[in-house]
Structure formats: C-alpha cells, structure tokens
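Chain naming here is simple, since letters A, B, ... match the order of the sequence lines and numbering starts at 1 in each.
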Amino acid sequence: SAVISQKPSRDICQRGTSLTIQCQVDSQVTMMFWYRQQPGQSLTLIATANQGSEATYESGFVIDKFPISRPNLTFSTLTVSNMSPEDSSIYLCSVTPRTGNRETQYFGPGTRLLVL
Amino acid sequence: LAKTTQPISMDSYEGQEVNITCSHNNIATNDYITWYQQFPSQGPRFIIQGYKTKVTNEVASLFIPADRKSSTLSLPRVSLSDTAVYYCLVERGKLIFGQGTELSVKP
C-alpha cells in the first residue's frame with residue numbers, strides 16, 4: 001500500500017483567487033490521479049498527472065483551470081484557478097503503487113474546498 | 001469504457017450478510033473488477049479485486065460468474081461501521097466511478 005498526504009486538508013477561499021493542493025506519497029508510484037467529489041456525489045476524474053510531461057485531462061476539464069504538476073514519482077500539485085463557488089468540492093489525489101495490479105489505487109484524505 | 005450499474009441504496013441490520021450486485025455488460029477481456037468503500041469525509045478505500053470466479057479476503061468476498069457481466073460483493077455479518085458507500089469499477093489503468101451503493105446498517 002501507499003500512504004498519501006494532502007495539503008491543505010481544507011480551505012475557504014474568495015472568488016477569483018487560486019489554490020494549490022499538494023499530494024505527497026511515501027513511496028514511488030507509477031500513476032497519480034486527481035479527482036473531484038462534490039457534496040453528495042460520486043468521484044469525477046479530473047486528470048492523470050504524468051511525470052515530466054503535461055497532465056492528461058478528462059472531458060470537461062482544462063489545463064488553464066486545473067494546472068497540474070508532477071515533478072517526480074512521489075509528488076504532485078493541483079491548482080484550482082480563478083475559483084468560483086461552483087468549485088466548492090473535495091479534491092482527492094490517488095496513486096497506483098509500483099507493485100501490484102494497476103487497477104488498485106490508494107486515495108489521499110482529500111482537500112475540502114469552500115469558495116465564497 | 002465499461003459502465004457499471006448498481007443499486008443506489010441498501011438497508012441491512014447488524015449481523016446480516018449483505019450482497020451488492022453490480023452489472024457491467026460491456027466489460028472488456030482485460031478489465032478487472034474492483035470494489036471500493038468510502039466513509040463520509042474520507043477517500044475511497046480498496047476492498048477487493050477479481051477477474052473471474054471467487055475471491056475472498058479478510059473483509060469481503062467477490063463472486064464473478066463465467067460471463068463476467070456482473071459481480072457480487074458479499075459482506076459477511078455486517079456491523080454499524082460498515083455503513084458506507086460501495087463502488088464497483090471495471091476500468092483499466094484509470095478508475096471511473098459510478099454512483100455507488102449507499103449501504104446503511106441499522107442496529
């Protein structure tokens with residue numbers, strides 16, 4: 001398994017500002033993903049964070065709004081840019097360890113974001 | 001992409017066995033079937049994964065028929081702490097979550 005931490009755990013932000021969320025893993029992993037979970041809803045995949053190259057975004061998500069970095073095999077950031085109240089959500093990082101089946105993912109505790 | 005369908009909610013009582021069935025008619029040959037559990041205010045937690053027949057671990061059992069178009073997660077003797085949302089997924093490489101099944105265990 002992998003131990004994943006996210007910072008911040010929660011934040012309250014003003015409309016129009018940006019917030020960068022960090023995801024740190026205690027071991028090297030192959031894949032890192034970012035999800036969003038709105039209140040009472042299921043998880044929606046935002047993008048796959050690729051090490052050393054641009055992230056791969058899912059339909060409905062764009063780099064200008066959600067820039068992602070992955071400088072190495074244990075760390076990634078997601079920025080929520082020019083926030084609006086509709087961005088209020090929980091943002092989760094997940095990883096696929098180097099060992100084991102690629103379908104097994106481990107999730108971080110999430111970052112709870114409220115935009116006023 | 002294989003789509004999954006599972007009941008939106010289920011109720012059970014402590015000590016009962018709970019079976020949650022998921023249908024995935026478009027499952028591909030290389031897809032694995034994976035179940036996750038999510039408690040409120042936490043990220044999803046991996047429960048069990050299988051490809052065919054039956055898989056059992058310390059938490060649950062997973063039954064997969066020969067055609068693999070469905071799967072059943074079995075939770076033996078549930079307790080109040082098993083109240084959570086359970087997700088069935090059949091994607092490869094990246095996980096696409098469906099709506100999940102909200103299990104409520106009552107005393």
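For B:Gln38, the part sitting under 4.5 Å from any heavy atom of chain A is the side chain, from C-beta outward, and nothing else. No part of A:Gln6 comes within reach of chain B, as not one of its non-hydrogen atoms sits under 4.5 angstrom from that chain.
Few gaps surround CG on A:Leu116; more than 12 heavy atoms of other groups in view lie less than 6.0 Å from it. Counting heavy-atom neighbours within 6.0 Å of B:Phe39 CZ, excluding the residue itself, gives a total above 12. Counting heavy atoms of neighbouring residues, nucleotides and ligands inside a 6.0 Å radius, atom CD of B:Glu102 does not exceed 12 of them.
There is no path of hydrophobic side-chain contacts, each under 4.5 Å, that joins A:Phe75 to A:Ile21. Connection of A:Met31 to A:Tyr106 is not established within any shared hydrophobic cluster, with ILVMFWY side chains joined at heavy-atom distances below 4.5 Å, either directly or through further cluster members. B:Val90 and B:Trp35 fall within the same hydrophobic cluster, where Ile, Leu, Val, Met, Phe, Trp and Tyr residues are linked whenever their side-chain heavy atoms come under 4.5 Å apart, directly or through other members.
Separation of the B:Tyr87 and A:Tyr35 ring centroids does not fall under the 6.0 Å cut-off.
For the atom pair B:Gln49 CD and A:Gln105 CD, the distance stands at 10.5 Å (nearest 0.5 Å).
Relative orientation of the B:Tyr36 and A:Phe107 rings is perpendicular, given thresholds of 30° and 60° on the angle between their planes.
Contact detail for A:Ser42 and B:Gln99: the closest heavy-atom pair is CB-CA, 4.1 Å.
Two residues are said to be in side-chain contact when any heavy atoms from C-beta on lie closer than 4.5 Å; A:Leu92 and B:Pro44 meet this criterion.
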